[in-house]
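For reference, the structure is listed below as structure tokens.
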Number of protein chains: 2
Amino acid sequence: MRRDVFQAIADPTRRQIINLLAARQMNLNAIADSFEISRPAISKHIKILTQCGLITIKQQGRERYCRAELKKLEQVAKWTGQYRAFWTGKLNALEDFLDNEQIEQKPKLK
Amino acid sequence: MRRDVFQAIADPTRRQIINLLAARQMNLNAIADSFEISRPAISKHIKILTQCGLITIKQQGRERYCRAELKKLEQVAKWTGQYRAFWTGKLNALEDFLDNEQIEQKPKLK
DNA sequence: TGTATATGATACCTTTTGGTTACGCAAACA
DNA sequence: TGTTTGCGTAACCAAAAGGTATCATATACA
């Protein structure tokens with residue numbers, strides 16, 4: 001089973017859980033109350049988030065407080081960050097130019 | 001079928017395809033040659049990437065040149081960007097303080 | 001015109017995902 | 001001590017994901 005941050009944040013429910021936990025720590029039932037789906041379903045999402053390090057759990061009696069480990073998102077930010085120039089609007093002219101060049105220059109068969 | 005950028009980049013093969021296409025446009029066979037898996041498998045990944053707008057295709061005779069639409073990644077960058085402060089090292093002290101506060105202040109049952 | 005090439009489409013398979021219900025158990029309360 | 005609460009886990013399910021082999025088709029080359 002692949003367990004990486006990219007896969008973890010692919011699910012919209014899990015992204016929402018992270019959003020919730022970014023604001024404050026919550027126990028599992030509190031999280032489940034914020035969603036329509038069942039508690040065991042949330043429990044599974046939490047497990048996945050824990051396995052890839054996006055949240056950590058602090059046991060407090062019978063409650064388990066979940067805390068978002070937001071530093072883990074740096075990995076994703078770094079990957080997208082490589083391409084940041086492409087939406088800051090600075091590269092558009094160059095980009096279009098290169099696109100055309102590349103096709104013209106492609107090696108012809110034979 | 002959910003088709004969003006987060007889900008698209010969840011697969012490592014698809015991220016690699018984006019990496020390849022960021023450097024230069026390529027046709028489908030050229031992309032497939034860079035991987036161990038079969039051409040139809042790549043074709044499916046390309047379809048997914050196209051459906052969510054991460055790549056566009058330019059037909060050139062019998063070849064189809066794929067181009068990465070890297071601006072689409074802005075969405076992901078924005079989402080992770082909300083939490084940027086958590087890995088720039090500026091918030092750690094405050095963060096730890098708040099974490100403890102939150103638990104102490106939680107409403108007691110009854 | 002015949003053949004090689006680039007690619008789409010289909011059928012099929014296995015594993016993973018995301019959900020459910022039902023049950024069990026330890027901690028906390030009355 | 002009995003009962004509620006918080007949560008894990010198991011069994012089960014349908015659908016989606018990721019792959020394959022195979023076939024069809026249009027374009028390009030000889």
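A, B, ... follow the sequence lines: proteins, then strands. Residue 1 opens every chain.
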Could you tell me the separation between the CZ atom of A:F6 and the C1' atom of C:dT16, rounded to a whole number of Å? 20 Å
Rounded to whole Å, the CZ-P distance (A:R3 to C:dT17) equals 5 Å
Return the OG1 to CD1 distance between B:T13 and B:I37, rounded to the nearest 0.5 Å. 4.5 Å
Within the structure, does a side-chain N or O atom of B:N29 lie under 4.0 Å from either OP1 or OP2 of C:dT5? no
With rounding to the nearest 0.5 Å, note down the distance linking CD1 in A:I57 to CG in A:L28. 7.0 Å
Calculate the interatomic distance between A:I48 atom CD1 and C:dT16 atom P; express it in whole Å. 12 Å
Base of C:dT7 paired with side chain of B:R62 (donor-acceptor, under 3.5 Å): no
Select base, sugar-phosphate, or nothing to describe what B:Q59 touches, counting heavy atoms under 4.0 Å on all strands. nothing
Check the distance between C:dT7's C1' and B:I31's CD1 and give it to me in whole angstrom. 12 Å
Just to confirm, is there a sub-4.0 Å distance from OP1 or OP2 of C:dA6 to any side-chain nitrogen or oxygen of B:N27? no
What's the spacing between B:I55 CD1 and B:I18 CD1 if we round to 0.5 Å? 8.0 Å
Measuring to OP1 and OP2 of D:dA16, would you say a side-chain N or O of B:Q7 lies under 4.0 angstrom away? no
Tell me: CG of A:D4 to P of C:dT16, nearest whole Å? 14 Å
For A:K47 and D:dT9, give me the distance from atom NZ to atom P, rounded to whole Å. 4 Å
Distance, rounded to the nearest Å, where B:K58 contributes NZ and C:dA6 contributes C1': 18 Å
Spacing between A:I57 atom CD1 and D:dG6 atom P, to the nearest angstrom: 16 Å
Quick check for you: to the nearest 0.5 Å, what is the distance between B:L73 atom CG and A:Q82 atom CD? 9.5 Å
Once base and sugar-phosphate atoms are separated, protein heavy atoms under 4.0 Å mark nucleotides 19-25 of chain C, 5' to 3', with B, S and - as BBBB---
Rounded distance (nearest 0.5 Å) linking atom CD1 of B:I46 with atom CG of B:L54: 10.5 Å
Distance in Å, A:C66 SG paired with A:H45 NE2, rounded so as to fall on 0.5 Å steps: 13.0 Å
